[in-house]
Amino acid sequence: MIKYTNNQQEAIDTLNQNLQIIACAGSGKTQVISQRIVNILKQDNVEPKNIIAFTYTEKAASELKSRVVKLCKEQIPGLKGMVEMYIGTIHSWCLDVIQNHIYKYQKFSVLSDIKLKLFIDRYYDTIGMKDLDMNMYRDTYNFVSIMTVLRESELSDKPIPENLQIALKKYETTLIKNAFFDFTMIMTHTLKYIKQESNLKQSIRSKLKYLIVDEYQDVNPIQEEIINEIYKIGCNICVVGDDDQTIYQWRGSDLKYILNFSKRYDNVKSVKLMDNFRSSAGVVDIAETIIQHNEKRLNKQMIAFGSQKYEKGDILYNRFNSTEEENDYIVNEIKQLRGIEFSNKGTKRGLDYSDMVILLRKWNKASDIATALKKENIPFIVGGVNKLFDTDEIKAAVNIFRYLSKDLKDPAILINSWKNLSEKIDTTKLFEAVKNLDKEKPEEDSFYGEFILQDIFWDFLQQAGITEESFENDEFVFYNLGMFSQVIDDYEIINFTRPPLEEIKTFLEFIKYGAEHHYPEGWLNNTYKNINAVKIMTIFQSKGLEFPVVFIPYLNKNYLPSQKFGGKGIWHTISRDLIIDQERFEGGIEDERRLFYVAITRSQKFLFLSGAPTTKRNEKKESQFVLEFSRSDYWFSSKDHNFNKRIYTEPKALENTESIILNFSILKNYFECSYKFKMSALYGFCTPLSIRIGYGRGIHNVLMEIHKQSLAGITTTTKEIPNLVDIHVHIPYASKRILRLIKRKSIEVIKEYLRLNEKNFDSIEYTEKEIQFDLNENIIINGRIDLIKRKKLDGTSQVSIIDFKSTEDAQTYDVSMEQLSLYALGYEELSGEKADILELYNLDENRPYKQEIIDYEFNHIKKQIIEASRNIQENKLAKTKDNKQCWRCFYKQLCKG
DNA sequence: TCGCTTTCGATTTTT
DNA sequence: TCGAAAGCGA
């Protein structure tokens, strides 16, 4: 059992009063929140579903979730229904509740930023950009920022210019017409329904009792409004944050919410957690010395608890003559530090590569240090360097489409660009693939449905005989081709219905002007595997993390603190005085200082600060922060400091204790074929879109509404079905004729379903129910059951789990019943009861396709899951042999297993 | 140190 | 394209 400090205990025990926790870096904040949640659950009349916790990122959410699950298992054994406690981001909560309560939003999907950009450019004429006199392609990101700022900020009472109002209106209408949300709309639309009397509001009122908001310092006005509405409906509120760690002001984070929380909420108890359990006294002192230069902050002081001992030489600052010298120094220190004994929470081990991080203010510094590390064979991981389009394989892939568009006329160039990638590529086959391309060249009057970029890409690879094995000497090539498949998918989701000639032309333009700096190299997305390597990341990404060894290099003026940037910004188009607290978007020295503070406080013990004049004209002078931390006595300069006096032992990387969260669809994919899983989930190959896409999901959503209404006591009549189909069946790429056919078919299927099943509707227990269970091995499985029925049979009741399936749905997959019995485990976790029957219901034939009695002796399915997650983590994903599924698997084109 | 001209470089990122 | 930093002359 962990011992808590008095302040921590006070926070944990304050359950029924509103609570503000000011938690400094390393104060054990996550542990405190988790324990407080467990204590809430220990009370009578509180169930997991009464609790809602917001985090800033999905990653933080899964950390908090697994911590809570772990503590609950220890302290409240037998507790059921954990899945019904919401822990996640505000965005995904909003999306979840709006889709589950306002049924028309079921068909909506959320546009990622690159897809949003594509969408805006595609509808440039009607989406409002023209009204603001902004240029297609060039100003798109600024347009997005303007739309975001105007909807997520507090507006002043200055009238909004008419063209802006028109733009805003057009922008949202165009998105809604196409069943898309942007990230802001998820929140604004949900907020609308929370404010008015709706079944969404009722559900919050009857369900939620405790609201917890983590990283409260980074909340923006629209998010605060949502939080406040939930609170007003009748929730206890607890906010946790640190004003010194606000670093997202350029996204609208507003410090004032945490600074005056107790003025805006009633009966607030404020607790400060000032003990830092993470870092040595030296690190804490440097951080404190820096942050005290900020004026806008709460009066407080972080105290080193002494979990780490400061030793002379742990913290160094050196200034070099050139960046090369500086990088060489970092490389050398990494080598020296590897193997130094490091003790933490009672365990001792030798430091290894993964204990070290190099923190950057800007990405443009990453490639230099990466080169230096590569030279000395030090393993490292970088994210965020978007150089996909510089690679030869992607240039070759783009050539396919340049050739099709007649932009590239000479087939020899195309062939050579592929041939040069690997000796293993067969030239004869390449010729065939190119010959086939000639047949695909679009004509003036061809129909969009005949010309699908993704199909062309797959066909080319298949005909040229390209598989992973073609690049055995360079495994990254195939990863990058997978990433290119995603580029095509992003583009085509938005531009599928363009006429072929136009589609290929704008695709090439997208690659040239839009996509270039947007896609990382594919192998960086291989996230399941935990590699022992030095990490290179931005300070922003390091938020919430900790490392025994932290490097903060390049401490120059105009780098950290960063210079303000010129160029055309959003304030050229909209007036500054439209927005309250506009200045915070521009950022200043205090924001940069907070960033530096966050960077320093990532360190547990070793902290290496350095700088050197660079070749850039404005990065030659030392950062002002050097002067600021120089008041601390805990550092000195020494370029050749050696660690001879330290104890060296065997380097041992920290074991990854993070739970992995897998969902049913990922697992189903894996069980079908582990190589298919690798191709889709890790390499990122996307299957081609089709004209009929959306049918399965549409039917599914109609049924969901019918079932939900039935649960609420409302009967759906046959007459209402056409209307329901109109609302839910969204087939974005279908022509009018095909759409009519699909809708007619849908109505038929659903009428028949209703006729056959209506009499059993009173036995529905749940519909679209989230489930979850964990296997005690740091693996959490989650998913969603379509329908659960409970029938009374001669005094006993029988529970069936039903999964809907449509053979016409292109996205469908075949799984064995045994694997579906995963659902039964989830149901048991949810309700504490065992389910009896498992049913696959075929919607096209309108009959149960398979039914089985659930066998609870399935230890072996548990074993399969554990094995699966191990293999996924270790990247052991081989092609399966003699797989019955192969003949129908789309991926076999690039597999040939 | 001021004021003008020239030169340089153009974040950060989650949902 | 444009703002800020550096350079320069007084």
Side-chain angles (χ1 to χ4, degrees), chain A residues 54-62 88-96 98 108-117 133-135 137-139 141-142 144-145 147-148 151-152 180-190 214-215 218-220 222-223 226 245-253 359-366 383-386 516-520 537-544 554 556-573 584-589 591-596 598-599 613-621 623-624:
Chain A
F54 290 141
T55 58
Y56 202 63
T57 61
E58 292 292 351
K59 191 166 178 285
S62 69
T89 62
I90 294 195
H91 288 89
S92 57
W93 179 77
C94 286
L95 185 62
D96 195 49
I98 200 169
F108 277 61
S109 44
V110 183
L111 288 178
S112 65
D113 60 346
I114 190 71
K115 279 187 230 151
L116 180 60
K117 184 186 183 300
D133 282 325
M134 299 179 87
N135 291 318
Y137 306 132
R138 215 186 60 200
D139 294 337
Y141 277 122
N142 273 336
V144 174
S145 303
M147 293 296 110
T148 309
R151 289 173 302 155
E152 296 201 9
F180 286 129
F181 275 138
D182 70 0
F183 290 114
T184 306
M185 281 157 79
I186 304 174
M187 296 191 291
T188 50
H189 285 242
T190 307
D214 193 12
E215 307 279 15
D218 276 323
V219 149
N220 74 15
I222 180 97
Q223 292 166 340
I226 291 169
Q245 293 187 64
T246 315
I247 52 176
Y248 284 103
Q249 91 296 134
W250 44 271
R251 257 160 64 184
S253 301
L359 295 179
L360 305 175
R361 171 72 241 257
K362 293 175 187 175
W363 277 119
N364 62 16
K365 293 279 187 289
V385 183
N386 298 328
E516 216 173 10
H517 303 289
H518 207 278
Y519 292 90
M537 62 171 81
T538 62
I539 301 173
F540 292 92
Q541 292 174 315
S542 73
K543 188 179 183 180
Y554 319 123
N556 283 321
K557 190 181 173 189
N558 295 325
Y559 169 76
L560 184 63
S562 171
Q563 82 197 95
K564 284 196 177 170
F565 57 98
K568 204 167 184 184
I570 68 169
W571 308 111
H572 288 102
T573 309
R584 74 177 192 277
F585 285 97
E586 314 221 9
I589 187 69
D591 295 296
E592 295 293 316
R593 197 176 280 116
R594 279 194 286 267
L595 261 178
F596 189 43
V598 167
T614 71
T615 47
K616 284 186 180 169
R617 186 184 64 147
N618 60 354
E619 286 178 24
K620 293 196 184 293
K621 291 186 186 150
S623 164
Q624 72 178 87

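Just so it is clear, the model here is predicted, and its values are computed rather than measured. Naming: A, B, ... by sequence-line order, numbering from 1 per chain.
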Could you tell me the separation between the CD atom of A:Gln624 and the P atom of C:dA5, rounded to a whole number of Å? 11 Å
Is a donor on one side and an acceptor on the other found under 3.5 Å between the side chain of A:Thr190 and the backbone of A:Ile98? no
Do A:Ile222 and A:Thr184 touch side chain to side chain, with heavy atoms closer than 4.5 Å? no
Euclidean distance, atom OH of residue A:Tyr559 to atom P of B:dA10 [Å, nearest integer]: 12 Å
Determine, step by step, whether A:Leu111 and A:Asp182 satisfy the side-chain contact (heavy atoms from CB on, under 4.5 Å) criterion, reporting the C-alpha distance in whole Å, the side-chain angles of both residues, the deciding distance to 0.1 Å, and the verdict. CA-CA 6 Å; A:Leu111 288 178; A:Asp182 70 0; 5.6 Å; no
Does A:Asn558 use its side chain to pair, donor to acceptor, with the backbone of A:Asn618 at less than 3.5 Å? yes
When rounded to the nearest Å, what value does the distance between P atoms of B:dT11 and C:dA4 take? 15 Å
Provide, to the nearest angstrom, the distance between the CG atom belonging to A:Asn558 and the C1' atom belonging to B:dG9. 10 Å
Base, sugar-phosphate or nothing for A:Asp182? Non-hydrogen atoms, less than 4.0 Å. nothing
Does A:Glu592 come within less than 4.0 Å of A:Arg361, counting only side-chain N to carboxylate O? yes
Please list, pair by pair, any protein nitrogen or oxygen found under 3.5 Å from a nitrogen or oxygen in nucleotides 1-7 of chain B.
from  : atom 1 : to       : atom 2 : distance (Å)
B:dT7 : O2     : A:Arg617 : NH2    : 3.0

Between A:Lys620 and A:Thr614, is there a donor-acceptor pair closer than 3.5 Å when you use the side chain of the first and the backbone of the second? yes
Taken to the nearest whole Å, NZ/A:Lys620 to C1'/B:dC8 is 12 Å
So A:Ser109 and A:Phe180, do their side chains get closer than 4.5 Å, heavy atoms only? yes
Return the orientation label for the A:Tyr248 and A:Tyr56 ring planes: parallel under 30°, perpendicular over 60°, tilted otherwise. tilted
When rounded to whole Å, the NZ to C1' distance for the pair A:Lys621 and C:dA5 reads 8 Å
Please state how far atom NZ in A:Lys616 lies from atom C1' in B:dT11, giving the value in whole angstrom units. 11 Å
Distance check needed: B:dC8 C1' versus A:Gln563 CD, whole Å only. 9 Å
Those residues that, when tested against A:His518, pass side-chain contact (heavy atoms from CB on, under 4.5 Å) (two or more places apart): A:Asp113, A:Ile114, A:Tyr141
Rounded off to whole Å, could you give me the CD-to-P distance for the A:Glu619 and B:dT11 pair? 12 Å
Please list, for nucleotides 12-15 of chain B, all pairs of protein and nucleotide N/O atoms separated by less than 3.5 Å.
from   : atom 1 : to       : atom 2 : distance (Å)
B:dT12 : OP1    : A:Trp363 : N      : 2.9
B:dT12 : O2     : A:Trp250 : NE1    : 2.9
B:dT12 : O2     : A:Arg361 : NH2    : 3.0
B:dT13 : OP1    : A:Thr538 : OG1    : 2.7
B:dT13 : OP2    : A:Trp363 : NE1    : 3.3
B:dT14 : O2     : A:Arg251 : NE     : 3.2
B:dT14 : O2     : A:Arg251 : NH2    : 2.9
B:dT15 : OP1    : A:Glu58  : N      : 2.7

